[in-house]
Amino acid sequence: MPRSEPIKAVRGMRDILPRERAIWRVAEKAAADVARSFGYAEIVTPVIEHAELIERVGEDTDAVAKELYRFDDRGGRHLALRPEATAGVVRAYFEGHLNQEPPPARLFLIGPMFRYNRPQKGRYRQFFQLDVEAIGSDSPALDAEVIEIAATWLHELGLRELRLELNTIGDSKCRPAYLELLRAYYRPLQDQLHGDCQRRLETNPLLLLDCKVPQCQPFKVDAPRITDHLCEECTVAWAAVRRLLDASGIEYRLDPYLVRGLDYYTRTVFEIYPANGEGAQDALGGGGRYDGLAEAEGWPPTPGVGFAGGLDRVTELVKAGGAEVIAAPAAEVVVLADAGLDVAAADVARICRTVRSVAVDYESKSLKAKMRSANKLGARWVLLLSAAEVERRVVQLKEMASGEQVEVGWADLPSHLA
Ligand code: AMP
């Protein structure tokens, strides 16, 4: 790269500038408030994990097979940037001995995830998720609970036109026999399926239901449905989840083709879309039960259920909906002092900072230019300070909107600005 080229951001990584942060902060605060209101506590896990942790639990998924950021550190460890949060949260649950506390552990996390996919609108290589996990219990009430948290969060953000898709994929007891039925149904049709589906027919037939390729669509309608082949426990759990959602007034659509391709996923799966959106690219969030995940990581078998919502897409949708999130000015008060009065200006700022956000304009510009800048920044007040005023320990306090100006003693500033 020639020296004169400025260095730009990495492809697929983006900055969230202060004017956009306002909306992000609203979304994050709503997420934390809603999660806490359901008794979920915040957890932070590293963005770097052993590649094996991620690979073991997601080998067949795109997020791992094709999209994982893998690297070796200087110590020769094989590491990865996390593509999702659940694997790390479940690891932390055991390492942090949360499994010794009364179940379930109710946890939430907000943070960046990384996937090396093709960047486009709504799809980035670094993106942010709200992750909600209830670990240690197989109660279907928790499936409904995480769905309710997701729905409440989006509702709080003013996103009301949503579509919640719901399905169950059984468990290790009933799914194997169902998969055999599915294979038996598709085998005579194999030649008519597209390449990937032909291969998946034997290895992972559940994914045939999820296929979006047009030539595979006509066969889905007559395919056997897992909901007709659930074991007793899964039948009871499936009914309970729907009953609880009905009781909490959450609308959903049953989608027999909504599946997960990994063995450790069990029972409930769900996705949330904007009502008018269609592509998978629009999903605002999704989740489900993963009773086999802990074991897949090498820990004792432990059930869990969770939800991951995408903050990038959620904030974009909130913005597109015209939500009025007015960015607070970075500083409510700007101190404009004459040249050579930096120490006094900083002193005055410190006094005001007890009640307001304050910035000092240290630029060597004319007073008029400084006023213009303060106005542009949206300051509510400016404080004018000359040598004579420093001597008397007073300032001229000017309210920008009214233009009114009064002389105030330094000690009285907090009460004037409060
Ligand atoms: P997933 O873990 O794939 O179910 O993703 C959960 C949610 O995270 C999705 O519904 C999206 O809202 C969001 N998400 C996933 N991948 C990306 C990405 N590459 N860029 C932006 N948001 C994403």
Side-chain angles (χ1 to χ4, degrees), residues 132 134 138-155 159-179 181-182 185-186 197 204-214 216-291 303-309:
V132 172
D138 64 2
S139 168
L142 291 168
D143 304 34
E145 184 173 283
V146 298
I147 294 174
E148 191 177 351
I149 293 174
T152 308
W153 173 49
L154 298 170
H155 193 267
L159 304 178
R160 308 280 155 93
E161 307 288 308
L162 301 173
R163 196 175 79 240
L164 168 63
E165 309 257 339
L166 186 69
N167 195 23
T168 177
I169 52 171
D171 66 5
S172 57
K173 222 163 116 191
C174 50
R175 194 161 49 212
Y178 166 72
L179 294 182
L181 285 175
L182 201 56
Y185 167 81
Y186 270 110
C197 279
N204 201 344
L206 214 49
L207 291 179
L208 269 61
L209 299 176
D210 184 45
C211 175
K212 305 285 187 294
V213 175
C216 300
Q217 301 312 305
F219 312 117
K220 281 190 195 177
V221 274
D222 293 324
R225 296 192 172 179
I226 179 102
T227 41
D228 297 327
H229 302 278
L230 296 173
C231 60
E232 177 64 26
E233 290 91 331
C234 285
T235 305
V236 170
W238 179 225
V241 171
R242 286 174 299 152
R243 198 170 52 240
L244 283 154
L245 290 178
D246 292 338
S248 52
I250 293 174
E251 287 177 25
Y252 53 88
R253 223 179 71 176
L254 299 179
D255 177 357
Y257 309 128
L258 181 61
V259 297
R260 293 275 188 272
L262 294 166
D263 284 347
Y264 63 77
Y265 283 114
T266 50
R267 299 184 180 163
T268 310
V269 286
F270 66 94
E271 301 264 10
I272 302 177
Y273 295 91
N276 51 7
E278 37 210 61
Q281 214 71 299
D282 299 327
L284 297 175
R289 184 159 274 289
Y290 48 81
D291 291 350
V305 61
F307 159 77

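With rounding to the nearest 0.5 angstrom, the CG atom of L254 is 9.5 Å from the CG atom of L164. Atom CG of L209 sits about 11.0 Å away from atom SG of C216, to the nearest 0.5 Å. Within the model, atoms OH of Y273 and CG of L284 stand 9.5 Å from one another, a figure rounded to the nearest 0.5 Å.
Put simply, the side chain of R160 gets close to the backbone of H155: a donor and an acceptor are under 3.5 Å apart. Distance alone, capped at 3.5 Å, is enough to place a donor-acceptor pair between the N167 side chain and the L258 backbone. R267 places no side-chain N or O within 3.5 Å of a backbone atom of D171 that could act as its donor or acceptor partner. The backbone N or O of I169 lies less than 3.5 Å from no partner atom in the side chain of Y178, so there is not a single donor-acceptor pair.
Considering only residues two or more places apart in sequence or on other chains, D263 meets the side chain to side chain contact (heavy atoms under 4.5 Å, CB included) condition with none of them. With sequence neighbours excluded, no residue forms a salt bridge (charged side-chain N to carboxylate O under 4.0 Å, His left out) with D138. Among residues two or more places apart in sequence or in another chain, the side chain to side chain contact (heavy atoms under 4.5 Å, CB included) test is passed with P176 by none. Taking R260 as the reference, E271 meet the side-chain hydrogen bond (donor to acceptor under 3.5 Å, both in side chains) condition, with sequence neighbours excluded.
The 12-atom threshold is exceeded at CD of Q217, counting heavy atoms of other residues, nucleotides or ligands nearer than 6.0 Å.
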Do any side-chain atoms of residues 230-237 form donor-acceptor pairs under 3.5 angstrom with protein atoms, and if so which ones, sequence neighbours left out?
{"from": "E233", "atom 1": "OE1", "to": "K173", "atom 2": "NZ", "distance (Å)": "2.9"}
{"from": "E233", "atom 1": "OE2", "to": "K173", "atom 2": "NZ", "distance (Å)": "2.9"}
{"from": "T235", "atom 1": "OG1", "to": "C231", "atom 2": "O", "distance (Å)": "2.7"}

Donor-acceptor contacts under 3.5 Å from residues 143-152 side chains, at least two apart:
{"from": "D143", "atom 1": "OD1", "to": "R289", "atom 2": "NE", "distance (Å)": "2.9"}
{"from": "D143", "atom 1": "OD1", "to": "R289", "atom 2": "NH2", "distance (Å)": "2.8"}
{"from": "D143", "atom 1": "OD2", "to": "T268", "atom 2": "OG1", "distance (Å)": "2.6"}
{"from": "D143", "atom 1": "OD2", "to": "R289", "atom 2": "NE", "distance (Å)": "3.1"}
{"from": "E145", "atom 1": "OE1", "to": "R106", "atom 2": "NH2", "distance (Å)": "3.2"}
{"from": "E145", "atom 1": "OE2", "to": "Y40", "atom 2": "OH", "distance (Å)": "2.6"}
{"from": "E145", "atom 1": "OE2", "to": "R106", "atom 2": "NE", "distance (Å)": "2.8"}
{"from": "E145", "atom 1": "OE2", "to": "R106", "atom 2": "NH2", "distance (Å)": "3.4"}
{"from": "T152", "atom 1": "OG1", "to": "E148", "atom 2": "O", "distance (Å)": "2.5"}

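A pairwise comparison of heavy atoms in G170 and R175 identifies O-NH1, 3.8 Å as the closest pair. Closest approach of A141 to L244, counting heavy atoms only: CA-CD1, 3.4 Å. Nearest heavy-atom pair across P303 and D291 is CB-OD1, 3.1 Å. The two residues L162 and P274 come nearest to each other via the heavy atoms CD2-CA, 4.1 Å.
Below 30°, between 30° and 60°, or above 60°: for F307 and F270 the angle between ring planes is below 30°, a parallel geometry.
A salt bridge (Lys or Arg N to Asp or Glu O under 4.0 Å) check over residues 219-229, counting only residues at least two apart or in different chains, returns nothing. For residues 236-251, the pairs satisfying side-chain hydrogen bond (donor to acceptor under 3.5 Å, both in side chains) are D246-Y252, with sequence neighbours left out.
The shortest side-chain heavy-atom distance between L262 and Y290 does not fall under the 4.5 Å cut-off. A 4.5 Å side-chain heavy-atom check between L206 and L179 finds at least one atom pair inside the cut-off.
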Between Y257 and L208, is a side chain to side chain contact (heavy atoms under 4.5 Å, CB included) present by the stated rule, with each step listed?
CA-CA 9 Å; Y257 309 128; L208 269 61; over 6 Å; no
